[in-house]
Amino acid sequence: MSAPNKSYDPVEVEALQPQQIEQMRDEALAAIAAATDLDALAHVKTAHAGGGSPLALANREIGALPPQAKAEAGKRVGQARGAVNKALAARQGELEAERDARVLVEEAVDVTLPYGRATAGARHPLATLSDRIEDIFVAMGYEVAEGPEVEAEWFNFDALNISVDNPVRSEQDTFFVAAADGSEDSGMVLRTHTSGVQIRSLLERELPVYVIAPGRVYRSDELDATHTPVFRQVELLAVDEGLTMADLKGTLDHMVVSLFGEGMTTRLRPNHFPFTEPSAEMDMLCYVCRGESVGNPDRPCRTCSSEGWIELGGCGIVNPKVLIACGVDPQKYSGFAFGFGIERMLMFRHNVEDMRDIVEGDVRFTLPFGMEI
Ligand code: PHE
């Protein structure tokens with residue numbers, strides 16, 4: 001800033017000379033007129049009307065003038081700045097109007113155009129249910145284990161204490177895989193349950209083992225309303241020190257509460273499986289009538305046929321012979337296991353009456369389950 005100018009002559013303050021001010025104003029007006037979009041105008045505004053612009057600097061020089069000269073110089077600069085600000089505002093208005101008009105055209109939506117007719121898909125409810133069951137056990141620290149669907153007979157049967165002459169081999173309606181020469185002796189089957197994965201897990205993992213084995217299994221049933229030759233199972237295996245039937249029962253109860261809500265429970269009925277001893281059939285309380293339809297003809301329940309319980313699958317304490325086959329010391333370790341079919345659970349959980357609806361893959365069946373993930 002110049003020093004106070006006692007002997008006043010405004011011409012001596014270079015920046016305040018009338019031609020200078022006019023030039024600054026004209027340059028600003030020209031730049032404003034030349035700005036073709038709002039970004040450019042913002043730059044022009046900073047350069048010609050901002051705190052560091054020539055007119056703002058000139059304005060500051062007024063303070064250095066003697067009092068009698070201040071008014072005139074102030075008026076000159078003020079008018080120039082006023083003209084610039086006015087032009088800026090006007091151009092801003094023009095450019096905004098231009099932009100709005102352009103956006104209206106560019107972003108116009110033709111609501112009469114035909115919409116995309118490909119409907120969005122949905123996950124199959126079997127996959128969703130299987131995931132949900134896995135989540136329950138993963139939250140408890142279990143790992144999800146997988147294995148091949150074409151399985152060695154040893155894993156599917158022998159290691160599970162199902163010897164060659166055991167009728168279970170045919171009871172499970174096994175698909176035997178033919179050898180390359182056409183003979184039936186390949187030693188391979190389509191797995192009839194995912195129990196082979198449990199054997200693999202025991203052989204591959206360090207103890208203790210807590211695994212859940214979901215997956216497709218095969219049995220030579222005809223497809224009808226209640227059977228399918230390919231279905232999904234979830235099997236579970238826990239092997240640790242000191243595991244008992246009480247741990248099995250607690251785990252099953254936790255699962256049905258997580259899937260069907262508070263107040264749910266399970267019951268065990270004696271049964272026989274070669275790979276568990278003792279073995280049980282597991283039922284869960286009917287989640288619809290909660291047992292209240294039993295002996296109550298006024299309140300029949302379709303879901304459990306008024307029996308109060310729904311059969312889920314098999315379970316038991318792992319047979320020591322199975323542990324030995326996997327190199328696990330049955331004196332030190334014990335385990336429990338269970339297995340059940342997911343299709344059946346889906347059927348009673350969602351009142352699906354025909355198994356074929358589940359396996360046929362018609363979107364009209366899948367879609368009502370929504371985009372649930
Ligand atoms: N593997 C048996 C089946 O597929 C189910 C089961 C698993 C039973 C574990 C008991 C223990 O039928």
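Atoms within a ligand are numbered from 1 in the order they appear, just like the ligands themselves. All values below were derived from every heavy atom in this structure, side-chain atoms included, with hydrogens, water molecules and symmetry-related copies excluded. Every value quoted in this text rests on a predicted model; they were computed, and no experiment measured them.
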Rounded to the nearest 0.5 Å, what separation is found between the [atom1] atom of [X] and the [atom2] atom of [Y]?
{"X": "Asp221", "Y": "Thr228", "atom1": "CG", "atom2": "OG1", "answer": "8.0 Å"}
{"X": "Ile317", "Y": "Asp247", "atom1": "CD1", "atom2": "CG", "answer": "7.5 Å"}
{"X": "Arg219", "Y": "His227", "atom1": "CZ", "atom2": "NE2", "answer": "10.0 Å"}

With backbone taken as N, CA, C and O and side chain as the heavy atoms from C-beta onward, which portion of [X] lies under 4.0 Å from ligand 1: side chain, backbone, both, or neither?
{"X": "Gln198", "result": "neither"}
{"X": "Phe273", "result": "side chain"}
{"X": "Phe275", "result": "side chain"}
{"X": "Ser195", "result": "side chain"}

| task | Output the list of atoms in ligand 1 that are nearer than 4.0 Å to some heavy atom of Gln233, sorted by atom number. | result | 3 (C), 4 (O)
| said: Can you name the atoms of ligand 1, numbered from 1 with element, that are less than 4.0 Å from a heavy atom of Gly339? | reply: 6 (C), 7 (C), 9 (C)
| field | Distance-minimising heavy-atom pair for Met264 and Val257 | value | O-CG2, 3.4 Å
With a cut-off of 3.5 Å and sequence neighbours excluded, list every side-chain donor-acceptor pair involving residues 300-307.
residue: Arg302; atom: NH2; partner: Glu353; partner atom: OE2; Å: 2.5
residue: Ser306; atom: OG; partner: Cys301; partner atom: N; Å: 3.0

| field | Backbone or side-chain N or O of Arg219 under 3.5 Å from ligand 1 N or O | value | yes
| So, is Glu235 polar-close to ligand 1, with some N/O to N/O distance under 3.5 Å? | yes
Table please: side-chain donor-acceptor pairs of residues 134-151 below 3.5 Å, with sequence neighbours left out.
residue: Glu134; atom: OE2; partner: Ser130; partner atom: OG; Å: 3.3
residue: Glu143; atom: OE1; partner: Arg205; partner atom: NH1; Å: 3.0
residue: Glu143; atom: OE2; partner: Arg205; partner atom: NH1; Å: 3.2
residue: Glu149; atom: OE1; partner: Tyr218; partner atom: OH; Å: 2.4
residue: Glu151; atom: OE1; partner: Arg200; partner atom: NH2; Å: 2.6
residue: Glu151; atom: OE2; partner: Arg200; partner atom: NE; Å: 3.1

